[in-house]
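Remarks on the structure that follows.
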Amino acid sequence: MIWLGIDTANTPLAVALVKDGQVLANEVTNIKLNHSGGAMLAIERLLTRVKLTAQDIDAVAVSEGPGSYTGIRIGVTIAKTLAWTLNKPLVGVSSLKMLAANAAMYNGIVCTLIDARRQNVYAGAFDAANGFENVVEDHHYSIADLIEKLDSLNAPVLFVGHDVDTFWDVIVETLGERAVRAPYTIDLPDAAQLIYLAEKMPQLTGDAVHNFVPQYRRLAEAEANWIKEQKNK
Amino acid sequence: MGEFIMEKDLYILGIESSCDETAASIVKNGTEIISNVVASQIESHKRFGGVVPEIASRHHVENVTIVLEEALKQANMEPKDLDAVCITEGPGLVGALLIGINAAKAFAFAHNLPIVGTHHIAGHIYANNLMQPMEFPLLALVVSGGHTELVLMKEHGSFEVIGETRDDAAGEAYDKVARVLDIPYPGGPRIDQMAHESDEAIEFPRVWLEPNSYDFSFSGLKSAVINYQHNAKQRGGDINPYHIAKGFQDSVVEVLSTKTLRAAREFNVKQVIAAGGVSANKGLRTELEKIFNEEGIPFFVPPLKLCTDNAAMIAAAGTEMFKAGKRSGWDLNGRPGMELRSWND
Ligand SMILES: [Zn+2]
């Protein structure tokens, strides 16, 4: 069984191929890339490198967000189009859970976050000892709200993600020694982890593939304003 | 007897997602529509009074594979029956463009098909090739929400923009005037209807620019409408929106058709075509038909569903590019400000 994994939810571009529980190829790049131009190219490069074609893919795993709206859509569009047209199953995995899975050997709470600008983050916290169950829901938080939620857990929290450094000082201010910083070697999304998680999740087929959409975890601005207007009427 | 070469039929899948329609179509030999599917988002955008790019992009992701499947199903074809995939590369909303582009790339990659990035306006012009063969030299009047251009074509794949708008596109002016008249989005077709139903027109200026120019300008006209409305309100007089609609439309139609006629004469064209969403406008259509009938130059405008955004037109234009050997790579990306350039140079 050959899995293709794709993550374009944020700045990094991660793609991997896994065959029967073995990583065949794995690539991650962390510079400001243009995913729309680069993602398909990366998939082709990886398949060519291991002498496979698109037709050899048996299942597709994709990071479903949250993250950059445009970024998530690129990965999701490629993944759902491939799954639909090759008639293969699709699995969407949280971009935050995928990052948390990098800390698989850790025995505690893992928080992953993505900078959403203006002191906001997309973040979630997971219990690594319990199959990465969410202990703080994936959502769009102000950094202050996130820290408050983590503080109330009263436990050490391991922080994973290349955007953590941006908020590290304010995190430590409240959590003190309960805040643990992961080594940078596990800060980037890993598409093999994405596949590893996907293997244990229900697979989407048929109409569920058509209906698969990103998990933005936030309304579009126009929609939020429109709802506000309706309430004020 | 010379060697007889059987030319193979070309089946091209077109995909379009540059604004608020998600569309897919299969076209045979660039001229015959086999299937043509359009998922319109207009109902969703109505509440915002116009197309919201982020909402448009979200809907494209929801619709894209459904539309593709429907296009194949209606054509009763499999991916292996196709020769290439043509996709709108630009211009358009960048976030919207790249959904179609990435779906097109994934689909083409999965089935080892070549991919051709196509210009949206070339598509609008080539919608005519689905109705009757294009004959050159050809003059195209492209009028839509984003464009007002006179394009001269000397042969397939050759585009010379001889005139364009210096400010608002014609469709944009329609939308803005509709807003002034409190007509809900999309207001263009309603203004056309109101103009049609009115027997009286307010006199608004015609903007001709320099005597030799084929360029257009509609912002002055739009301001004249706004001023008229404003002054009439201040005087407390009665405002008849039907008279305003007719006055506005008369000005737009007269400028567009007069310049098109002058260009058709100067360049001695064999065919004049109208393209783009606003070419569905009854007032414009009727006037162009009348003047070119009198002039004796064949004039064509595609049926409504081929005037508005669709993928058959992208497949039609893309087929000619494909035949000319044009191919895109897997790094194909959306080009929101893409210019219309000849592909046969
Ligand atoms: Zn258009």
Side-chain angles (χ1 to χ4, degrees), chain A residues 4 6 8 33-45 47-48 53-57 60 62 64-65 68-88 90 206-207 209-214 216 218-227 229-230, chain B residues 13 15 17 22 24 44-70 72 78-80 82 85 89 93-113 115 117 328-335:
Chain A
L4 168 68
I6 312 164
T8 60
L33 291 168
N34 183 306
H35 293 326
S36 175
M40 205 61 233
L41 212 55
I43 294 166
E44 195 229 358
R45 183 165 60 235
L47 282 165
T48 309
T53 70
Q55 300 282 340
D56 296 316
I57 297 168
V60 182
V62 67
E64 65 186 11
S68 142
Y69 293 164
T70 299
I72 321 167
R73 277 196 284 268
I74 291 163
V76 166
T77 300
I78 291 174
K80 74 187 274 191
T81 306
L82 283 175
W84 157 68
T85 199
L86 293 168
N87 200 15
K88 295 292 153 67
L90 174 70
D207 280 350
V209 172
H210 283 311
N211 298 332
F212 183 74
V213 289
Y216 298 105
R218 207 181 172 204
L219 288 173
E221 209 181 326
E223 210 159 12
N225 291 341
W226 182 78
I227 290 169
E229 268 172 42
Q230 303 308 302
Chain B
L13 170 68
I15 303 176
S17 72
T22 324
S44 172
H45 292 280
K46 259 184 185 163
R47 60 192 156 139
F48 306 117
V51 176
V52 178
E54 174 59 25
I55 306 283
S57 303
R58 291 187 180 197
H59 286 313
H60 284 308
V61 183
E62 291 162 16
N63 296 337
V64 69
T65 57
I66 297 170
V67 166
L68 282 167
E69 182 166 274
E70 192 57 31
L72 285 161
E78 309 261 342
K80 65 169 168 44
L82 299 169
V85 179
E89 184 176 355
L93 302 169
V94 64
L97 284 168
L98 55 82
I99 303 305
I101 287 173
N102 280 284
K105 287 198 286 187
F107 180 87
F109 181 71
H111 304 293
N112 207 12
L113 291 167
I115 181 162
S328 303
W330 299 125
D331 60 348
L332 179 71
N333 200 359
R335 290 168 63 194

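Convention: sequence-line order gives letters A, B, ...; per-chain numbering from 1.
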(message) Just so I understand: if I count every heavy-atom pair under 4.5 Å between each of B:Ser57, B:Gly329, B:Gly95 and chain A, which residue has the most?
(response) B:Ser57
(message) Within the structure provided, determine whether A:Ile74 and B:Leu98 are in side-chain contact (heavy-atom separation under 4.5 Å).
(response) yes
(request) Compare all side-chain heavy atoms of A:Thr85 with those of B:His111 and state whether any distance is below 4.5 angstrom. (result) yes
(message) Donor-acceptor check, side chain of A:Lys80 to backbone of B:Val64, threshold 3.5 angstrom: yes or no?
(response) no
(request) Examine distances only and state if a side-chain atom of B:Lys105 and a backbone atom of A:Ser36 form a donor-acceptor pair shorter than 3.5 Å. (result) yes
(request) Could you tell me whether B:Glu54 and A:Arg73 have a side-chain N and a carboxylate O separated by less than 4.0 Å? (result) yes
(message) Within the structure provided, determine whether B:Ile66 and A:Asn211 are in side-chain contact (heavy-atom separation under 4.5 Å).
(response) yes
(request) Evaluate whether atom CG of A:Asp56 has more than 12 neighbouring non-hydrogen atoms of other residues, nucleotides or ligands under 6.0 angstrom away. (result) yes
(request) Could you grab the distance from atom CG of A:Leu82 to atom OG1 of B:Thr65, nearest 0.5 Å is fine? (result) 11.5 Å
(request) Drop me the distance from A:Ile78's CD1 to B:Phe107's CZ, to the nearest 0.5 angstrom. (result) 15.0 Å
(request) Examine whether an atom of B:Val61 lies under 4.5 Å from a heavy atom of chain A, and if so say whether it belongs to the side chain, the backbone or both; otherwise answer neither. (result) both
(request) Below 4.5 Å from any heavy atom of chain A, which atoms of B:Leu68 appear? Answer side chain, backbone, both or neither. (result) both
(message) List the residues meeting salt bridge (Lys or Arg N to Asp or Glu O under 4.0 Å) with A:Arg218, not counting sequence neighbours, and say none if there are none.
(response) none
(message) Between B:Ile99, B:Leu97, B:Ile101, B:Leu332, who has the most heavy-atom pairs with chain A when the cutoff is under 4.5 Å?
(response) B:Ile99
(request) Please flag which part of A:Leu41 lies under 4.5 Å from any non-hydrogen atom of chain B: side chain, backbone, both or neither. (result) both
(message) Just so I know, are the side chains of A:Leu47 and B:Phe109 near enough to count as touching, which here means a heavy-atom distance under 4.5 Å?
(response) yes
(request) Looking only at non-hydrogen atoms, find the nearest pair between A:Ala54 and B:Ala110 and report the distance. (result) CB-CA, 3.7 Å
(message) Just verifying a value: how many Å separate A:Glu221 CD and B:Ile55 CD1, rounded to the nearest 0.5 Å?
(response) 10.5 Å
(message) Ignoring hydrogens, what is the shortest heavy-atom contact between A:Thr77 and B:Ala103? Give both atom names and the distance.
(response) CG2-N, 3.6 Å
(request) Under 4.5 Å heavy-atom distance to chain B, tell me which part of A:Asn34 shows up: side chain, backbone, both or neither. (result) side chain
(request) Can you tell which part of A:Leu219 gets under 4.5 Å to a heavy atom of chain B, answering side chain, backbone, both or neither? (result) backbone
(request) Under 4.5 Å, counting heavy-atom pairs only, tell me which of B:His60, B:Arg47, B:Glu62, B:Arg58 racks up the most with chain A. (result) B:Arg58
